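As structure tokens, the structure follows; a few thoughts come after it.
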Amino acid sequence: MSAPVVKMAGRCFYQLYKLSNSAGRLASGKTGIRQFSGAVVQNAAEPWRLLGAACVQRLAVISVDQRPLEAKFSELMNQMELERSLMSDHELSLLDDKERLRRRQAVDYDSDEEEEADRDQDIVLTQDLEDAWEQRLKGFATQPRARGVVDARLERADRCLAEPLLLLTQQEVGPERLWLLPQTPWEAGETLKTTAQRALSATPGLDLQTVFLGNAPCGLYKYRMPRSVRDREGLTGVKVFFFKAVVSGPLPPPAPSSLWVRQSELKDYLKPSYLEKIRPFLLNL
């Protein structure tokens, strides 16, 4: 009986010891609670300028020409599909015609054995139909495949039809004029997607029909303002939210201060840090 009593008494003394230590720390101002640095709290309260940007792509209009290995593989797959497939009605008709001709050319041919329908009308062989179709095909002139000129003016959206193109616009950022995705500052009362749509519609001379893919941004790019701008305007920096869109209507005519560039050409117009943020969500279709 003495062991449990001693154990309970020890617990009581330990609780009293903890209470006395806590009271001492409160009196001395040392509470033991982790305090966040004042710099972090201050940065959390500093404002950021929000922008919405539209990542508009004109997808490939035509398919890419096959490379020699791809053409060879495609031919092999077509041959395998042909060998494993059933005969079509047209191929069965060819076989029926050959069988009927064989019977008619036989020495022991008896016309009474032919069906009444075959005796009363002339037979149009399937091979005769194929010959007529072949003659019509020879008179059909195909148009050359339009691929779009690679070295055409970058303002034209009908260049490089076998590759996707990205829309860039020239904008003033501080003292510089940079090539960027169409963007504009966010205004109170609107969503960031609406801001991106407004940035696209506000691009001078751009007559474009687009479809935005989803309501959530597909990427974020942010940078801090210089110290002088932060002190003067009270802004920490800028956050740009990207929204993906594709051209849905006819190809737009050329517009001033707008370019349609291939992904391989982006490095010539965009800063590396900016390009690094938008490259992951570009569609390569």
Side-chain angles (χ1 to χ4, degrees), residues 35-58 154-155 157 164-248 252 255-261 263 265-283:
Q35 298 289 342
F36 293 100
S37 65
V40 174
V41 175
Q42 182 179 1
N43 286 340
E46 290 180 1
W48 288 74
R49 179 177 296 169
L50 305 182
L51 278 73
C55 177
V56 182
Q57 285 190 270
R58 189 228 67 191
L154 298 184
E155 295 86 354
L165 300 180
L166 181 67
L167 174 63
L168 300 181
T169 58
Q170 197 171 35
Q171 304 179 45
E172 293 185 2
V173 180
E176 299 180 278
R177 287 186 62 83
L178 303 176
W179 289 104
L180 303 168
L181 301 182
Q183 63 183 31
T184 193
W186 170 79
E187 294 181 356
E190 67 179 4
T191 63
L192 285 169
K193 178 182 176 180
T194 305
T195 305
Q197 293 172 333
R198 181 166 54 83
L200 193 59
S201 61
T203 303
L206 189 63
D207 184 12
L208 188 62
Q209 299 179 21
T210 59
V211 172
F212 277 77
L213 308 180
N215 297 318
C218 57
L220 169 66
Y221 173 71
K222 64 179 181 179
Y223 59 91
R224 289 183 173 274
M225 293 287 193
R227 174 69 65 179
S228 58
V229 178
R230 277 187 280 173
D231 295 340
R232 183 175 68 253
E233 300 183 9
L235 290 175
T236 302
V238 175
K239 292 182 179 180
V240 185
F241 294 87
F242 301 108
F243 290 82
K244 196 181 304 182
V246 295
V247 177
S248 60
S257 301
S258 297
L259 298 180
W260 293 92
V261 298
Q263 293 191 26
E265 300 169 338
L266 290 175
K267 62 181 182 300
D268 300 329
Y269 297 92
L270 301 179
K271 291 187 174 182
S273 58
Y274 190 85
L275 177 58
E276 182 183 358
K277 295 298 183 180
I278 69 173
R279 191 182 291 278
F281 55 81
L282 294 179
L283 299 176

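Just so it is clear, the values below take in all heavy atoms, side chains as well, and ignore hydrogens, waters and symmetry mates. Heads up: numbering here begins at 1 and tracks the sequence. As the structure is a prediction and not an experimental result, all values here were calculated from the model.
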Legend entry - Student check: side-chain heavy atoms of L220 and K239 closer than 4.5 Å: yes
Legend entry - Atom pair CZ/SG of F243 and C55 - distance to nearest 0.5 Å: 12.0 Å
Legend entry - Minimum heavy-atom distance Q57-L283, with the two atoms named: OE1-N, 2.7 Å
Inset, instruction - Indicate yes or no: at least one non-hydrogen side-chain atom of W260 is less than 4.5 angstrom from one of L167. - result: yes
Legend entry - Crowding at CZ, R227 (>12 non-hydrogen neighbours, <6.0 Å): no
Inset, instruction - Determine whether T169 and S257 make a side-chain contact, defined as any pair of heavy atoms from C-beta on separated by less than 4.5 Å. - result: no
Legend entry - More than 12 heavy atoms of other groups within 6.0 Å of D231 CG: yes
Inset, instruction - To the nearest 0.5 Å, tell me how far S273 OG sits from I278 CD1. - result: 10.5 Å
Inset, instruction - Would you mind reporting whether T195 and L51 have side-chain heavy atoms less than 4.5 Å apart? - result: no
Inset, instruction - Can you see which heavy atom on P256 is nearest to which on G205, and at what distance? - result: CD-CA, 4.4 Å
Inset, instruction - Would you give the length of the straight line joining atom CG of L180 to atom CD of Q170, rounded to the nearest 0.5 angstrom? - result: 9.5 Å
Legend entry - Within 6.0 Å of NZ in K277, more than 12 heavy atoms from elsewhere: no
Inset, instruction - For E276 and K271, indicate whether the former's side chain and the latter's backbone hold a donor-acceptor pair under 3.5 Å. - result: no
Inset, instruction - Carefully, step by step, assess V247 and Q209 under the rule side-chain contact (heavy atoms from CB on, under 4.5 Å). - result: CA-CA 6 Å; V247 177; Q209 299 179 21; 6.0 Å; no
Legend entry - Separation of L192 CG from N215 CG (nearest 0.5 Å): 11.5 Å
Legend entry - Distance-minimising heavy-atom pair for A157 and P252: CB-CD, 3.8 Å
Inset, instruction - Drop me the distance from T236's OG1 to K222's NZ, to the nearest 0.5 angstrom. - result: 10.5 Å
Legend entry - Spatial distance of atom CD (Q197) from atom OG1 (T184) [nearest 0.5 Å]: 13.0 Å
Inset, instruction - Begin with the C-alpha distance, continue with both residues' side-chain angles, and end with the deciding distance and a verdict on side-chain contact (heavy atoms from CB on, under 4.5 Å) for V238 and V173. - result: CA-CA 11 Å; V238 175; V173 180; over 6 Å; no
Legend entry - Note, L270 side chain near L181 side chain (heavy atom, < 4.5 Å): no
Inset, instruction - Mark yes or no for whether E190, through its side chain, and E187, through its backbone, hold a donor-acceptor pair below 3.5 Å. - result: yes
Legend entry - Shortest non-hydrogen separation from P47 to G234 and the atoms involved: CG-O, 3.1 Å
Legend entry - F281 backbone acceptor or donor facing K244 side chain under 3.5 Å: yes
Legend entry - Given Y269, F242, Y223, the one that forms ring pair (Phe, Tyr, Trp, His ring centres under 6.0 Å) with Y274: F242
Inset, instruction - Can you see which heavy atom on A196 is nearest to which on A54, and at what distance? - result: O-CB, 3.8 Å
Inset, instruction - Dump the intermediate steps for side-chain contact (heavy atoms from CB on, under 4.5 Å) on V229 and L235, then the final yes or no. - result: CA-CA 7 Å; V229 178; L235 290 175; 5.7 Å; no
Legend entry - Heavy-atom donor-acceptor pair, R230 side chain to M225 backbone, under 3.5 Å: yes
Inset, instruction - Check whether any side-chain N or O of Q183 sits under 3.5 Å from a backbone N or O of V240 as a donor-acceptor pair, and report yes or no. - result: no
